[in-house]
Amino acid sequence: MAAVTVQTSPSLALIKYWGKETQGINIPATGSLAVGLHDLRTKTTVTADPSAECDSVSIGGTEQPLHHFSTVIDTLRERAHASGRTDADTPLAVESGNSFPTAAGIASSSSGFAALTIALDAWWALNLPAAELSRIARTGSGSAARSVFGGFTRFQAGSESAEALYSAEWWPELRILVAITDTGPKTVGSRDGMERTRSSSPYYDAWVADARVLIGKAERALADRSVERLGPLMRESYLRMVGSSIAASPPVLYWLPASVAVIRACDELRGEGLVAWETMDAGPQVKILSTARDVEAVRERIASVAGVKTILVSGVGGSPVVTRDNGDSGL
Ligand code: DP6
C-alpha cells in the first residue's frame with residue numbers, strides 16, 4: 001500500500017469527562033456523553049519512510065515530539081508483529097491536519113488520536129474491532145476513545161473503551177456552533193488541567209459523584225431526543241466541571257470575557273424561545289447546541305458578540321472515513 005488516509009471528527013462532550021480514575025492510561029473518573037462534529041475534520045495520512053531512522057509525526061506541517069504518540073504507535077506496531085507483518089518495523093511518516101484550530105479546546109486530540117489509530121490499523125491491515133480501536137485511541141487521549149465511532153457516543157467512568165449509542169440519523173436536526181474567541185493554543189492542556197483539579201480542588205469528589213447522576217439523566221434525555229431536558233443537563237455538566245477546576249490551586253480558568261458574553265447571549269436567545277444550549281471545554285471557545293430551525297438566528301446573534309472571531313457550524317455525525325491508495329491510482 002502506498003498510503004492510507006483517514007478522516008475523523010472531534011468528539012464534543014455534552015456531558016464531560018474531567019478527571020482520571022487511573023493516571024497515565026486515561027481511564028475516566030466521570031462518564032461522558034458526546035456527539036461527533038461532522039463538519040470539522042482531521043485528515044491523517046500514513047506513508048512508509050524506509051530511509052528514515054524512526055517514525056515521524058507532523059500536524060499542519062509542523063514536526064511533533066514523537067513520544068506524544070508512542071503509546072498508540074507502539075501498541076499497534078506490536079499487533080503488526082504479532083500478525084506476522086514483515087513491514088512492521090519500517091519507519092512511518094504520519095501527516096495530519098485539521099480544518100479547525102489545533103489545541104485550542106476544540107478537541108483536536110480526540111479526532112487526532114482516533115485518526116492515527118484507525119490509520120495504523122488500516123496500514124497494517126489489522127482489522128481490529130471498533131471497541132479495540134477505541135481502547136487503543138484512549139491511551140493517546142481519553143476523548144479519542146469516542147471519536148473512533150462518530151455519531152452519539154458514551155464513555156463510561158472506569159471503562160477502557162467508549163461505545164456507539166446512536167448514529168447521526170438518530171437526531172439529524174441538531175446543529176453545533178463553535179464560537180471561537182481565541183485561536184491560540186490553550187494555556188493549560190486538558191490533561192494537566194484535570195490532574196490539577198483532581199489533586200487540589202476541594203470540590204473534585206463532589207464533581208465526580210454528581211457526574212454519575214447527570215449522565216444517567218442525560219442518557220434518558222438523548223434516548224427521548226428531548227433538547228429541553230438535555231440542554232439544562234449539558235449546562236450543569238460543564239459549569240460543575242468549571243466550578244471544580246477554578247477551585248483548584250492554582251486555578252484552572254479558561255474563560256475570556258468574550259466566552260462569558262456568549263454564555264449570556266445564549267441565555268437571552270433561550271429567553272426568546274430559540275434552542276441555544278452552550279457548553280465549554282478546556283479552552284475559551286463556546287460550543288452551542290441548536291437545531292436546523294434556529295441555527296441561523298443563533299449564528300447571527302453570536303456573531304455580533306464582541307470578541308467572537310469566527311463561528312464554525314456543524315451537523316452531527318463524523319464517522320471515520322478510510323481511503324487506501326494502492327499506488328496504482330490516485331486517492
Ligand atoms: C474538557 O481527552 O483531551 O474536552 O485524556 O488527558 O488526553 P486526556 O484528555 P482529553 O480531555 C477532554 C476533556 C474535555 C471533556 C470531554 O471531551 O469529555
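First listed ligand is number 1; within each ligand, the first listed atom is number 1.
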Decide whether an N or O pair under 3.5 Å exists between [X] and ligand 1.
{"X": "Y17", "result": "yes"}
{"X": "S11", "result": "no"}
{"X": "S32", "result": "no"}
{"X": "G142", "result": "yes"}

Going by the atom numbers of ligand 1, which of them fall below 4.0 Å from some non-hydrogen atom of [X]?
{"X": "S143", "result": "2 (O), 3 (O), 10 (P), 17 (O)"}
{"X": "A13", "result": "16 (C), 17 (O), 18 (O)"}
{"X": "S190", "result": "3 (O), 9 (O), 10 (P), 11 (O)"}

Q: List the closest protein heavy-atom neighbour of atom 17 (O) of ligand 1: residue, atom name, distance to the nearest 0.1 Å.
A: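 The closest heavy atom on the protein side is R146 NH2, 2.8 Å.
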
(Q) Tell me the protein heavy atom at minimum distance from atom 14 (C) of ligand 1, and give that distance in Å. (A)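 I find the closest protein heavy atom is D281 OD1, 3.6 Å.
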
Q) Pairs in or reaching into residues 139-148: which pass side-chain hydrogen bond (donor to acceptor under 3.5 Å, both in side chains), with residues at least two apart or in two chains? A)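 Applying side-chain hydrogen bond (donor to acceptor under 3.5 Å, both in side chains) to every pair that reaches into residues 139-148, excluding sequence neighbours, yields S11-R146, S32-R146, S109-S141, S110-S147.
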
Q) Any chain of hydrophobic side-chain contacts (each under 4.5 Å) joining L239 to V286? A)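 Looking at the clustering, V286 is in the same group as L239.
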
Q) At under 4.0 Å between heavy atoms, which part of M194 makes contact with ligand 1: side chain, backbone, both or neither? A)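 The side chain, only.
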
Q: Please test R41 against S9 for side-chain hydrogen bond (donor to acceptor under 3.5 Å, both in side chains), starting from the C-alpha separation and ending with a verdict.
A: CA-CA 5 Å; R41 301 299 269 172; S9 289; 2.7 Å; yes

Q) When you look at NZ of K20, are more than 12 heavy atoms from neighbouring residues, nucleotides or ligands closer to it than 6.0 Å? A)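 More than 12 heavy atoms, drawn from other residues, nucleotides or ligands, come within 6.0 Å of this atom.
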
Q.
Side chains of W124 and S83: any donor to acceptor distance under 3.5 Å?
A.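 No donor-acceptor contact under 3.5 Å links the two side chains.
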
(Q) Can you tell me how the ring of Y238 sits relative to the ring of W255, calling it parallel under 30°, perpendicular over 60° and tilted otherwise? (A)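 The arrangement is tilted - the two ring planes meet at 30° to 60°.
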
Q: Check if S109 has a non-hydrogen atom at a distance under 4.0 Å from any atom of ligand 1.
A: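 Contact check S109 vs ligand 1: positive.
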
Q. Which residue from M280, E195, K20 reaches closest to atom 6 (O) of ligand 1 through any of its heavy atoms?
A.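 Minimum heavy-atom distance to atom 6 (O) of ligand 1 goes to K20.
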
Q: List the atom of R293, the atom of L274, and the distance in Å for their closest heavy-atom pair.
A: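 The answer is NH2-CA, 4.5 Å.
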
Q: For N127, enumerate each residue passing the side chain to side chain donor-acceptor pair (under 3.5 Å) test, keeping only those at least two apart in sequence or located in another chain.
A: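 For N127 there are no side chain to side chain donor-acceptor pair (under 3.5 Å) partners, ignoring immediate neighbours.
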
